Amino acid sequence: MSVLVVGSVALDSVETPFGKADEVLGGSGIFFSASASHLTRVQLVGVVGSDYPVDQLAPLAQRGVDLTGVERAEGESFRWRGRYRHDLNSAETLETRLGVFSHFRPKIPEQFRRAPYVFLANIDPRLQLDVLRQVERPKLVACDTMNFWIESRRSDLMELLGHVDALLLNDGEARQLTEQSNLVKAARWIIDRGPRIVIIKKGEHGAFMFTSNSVFFAPAYPLEDVFDPTGAGDAFAGGFMGYLARTGKLDEEHMRRAVVYGSTMGSFAVEQFSIDRLMTIDHETVRARLGEFRRLVAFEEELPA
Ligand code: AMP
């Protein structure tokens, strides 16, 4: 089954302690698509400006990402500039230039409107709500957000929470949104406002999945070299949604596995700039890392005599 994603299609400029990248492919929709396309077909909706290097999207199309919904508008593309210092868990936004994004109204192509899995990647919550008005009763709707929108569009975000099944966000965002410092309380606060699944990502410290009656935790893969954390969250979401769409199941067991797929895909995203690593890994590489995840957490339960 396919996944519909609506998100940013950006040009990112990133500085990390290990190097710099200028105007490379980025955006929540792009990272999600590069990741989820390892598991299922993806339908991407977004907007680019007249200056976007659209030819660089061809490899995504070859991987089964349907780009029919990527609109080309007159003007400048969305640009994000960020920096990571030694704490690679948090990006410092140096500049956000909305460009064509500021007038963007997502138009979901007719053939995408019945997508069973919908991911509202990090964009203006008003646009996320607009997308939900155009799709026909999906099996699962998940969404992401960030500090930028929590600060500037809080009431729209609160409205959105009432219409989604799952919210994925990082620990800082969860604390900012809920004003709760304890993450268990933060998750409960969110569940009380709509989503039945809350995934709180903690960067290199792994990710929690909360429902009203369960908690699951998956570690992050302990990489020796994290090169550029940009897009880890979207790649995580791509692994999570991609796995659920591939299997068509939404029970607890599949949800848990989906979190591990999310963690696995996130770990690849950070190994190189942009979507470079996500575009070169193959099925075997993904499987091998999943196996390593299993060994990472496997232990025998044994009570001392
Ligand atoms: P993350 O997975 O959180 O690291 O997402 C990184 C991506 O989010 C980058 O590729 C940026 O282009 C994109 N991004 C940054 N700020 C925004 C924003 N305000 N709205 C939508 N996308 C954004």
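Counting begins at 1 with the first residue of the sequence. From a predicted model like this one, the values you see are computed outputs, not experimental measurements. Atoms within each ligand, like the ligands themselves, are counted from 1 in listed order.
- For the side-chain hydrogen bond (donor to acceptor under 3.5 Å, both in side chains) condition, the pairs that include at least one residue of residues 204-232, sequence neighbours left out, are Y84-T230, N89-E204, T211-N213, T211-S214, S214-E252, Y221-E292, D228-T230.
- For D165, the salt bridge (Lys or Arg N to Asp or Glu O under 4.0 Å) criterion is met by R196, not counting sequence neighbours.
- Checked against F119 for a ring pair (Phe, Tyr, Trp, His ring centres under 6.0 Å), the options F240, F32, F236 give a single hit: F32.
- No hydrogens or angles considered: nothing links the side chains of Y52 and R72 as a donor-acceptor pair under 3.5 Å.
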Output block, N or O contacts of ligand 1, threshold 3.5 Å exclusive:
from	atom 1	to	atom 2	distance (Å)
ligand 1	2 (O)	G233	N	3.1
ligand 1	2 (O)	D234	N	3.1
ligand 1	2 (O)	D234	OD2	2.8
ligand 1	4 (O)	G231	N	2.7
ligand 1	5 (O)	D234	OD2	2.9
ligand 1	10 (O)	D12	OD1	3.4
ligand 1	10 (O)	D12	OD2	2.5
ligand 1	10 (O)	G27	N	2.7
ligand 1	12 (O)	D12	OD1	2.6
ligand 1	12 (O)	G27	N	3.4
ligand 1	22 (N)	S8	OG	2.9
ligand 1	22 (N)	N122	O	3.4

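- The heavy-atom pair separating A36 from G242 by the smallest distance is CB-CA, 4.4 Å.
- Sorted by first and then second residue, the side-chain hydrogen bond (donor to acceptor under 3.5 Å, both in side chains) pairs involving residues 177-195 (not counting sequence neighbours) form an empty list.
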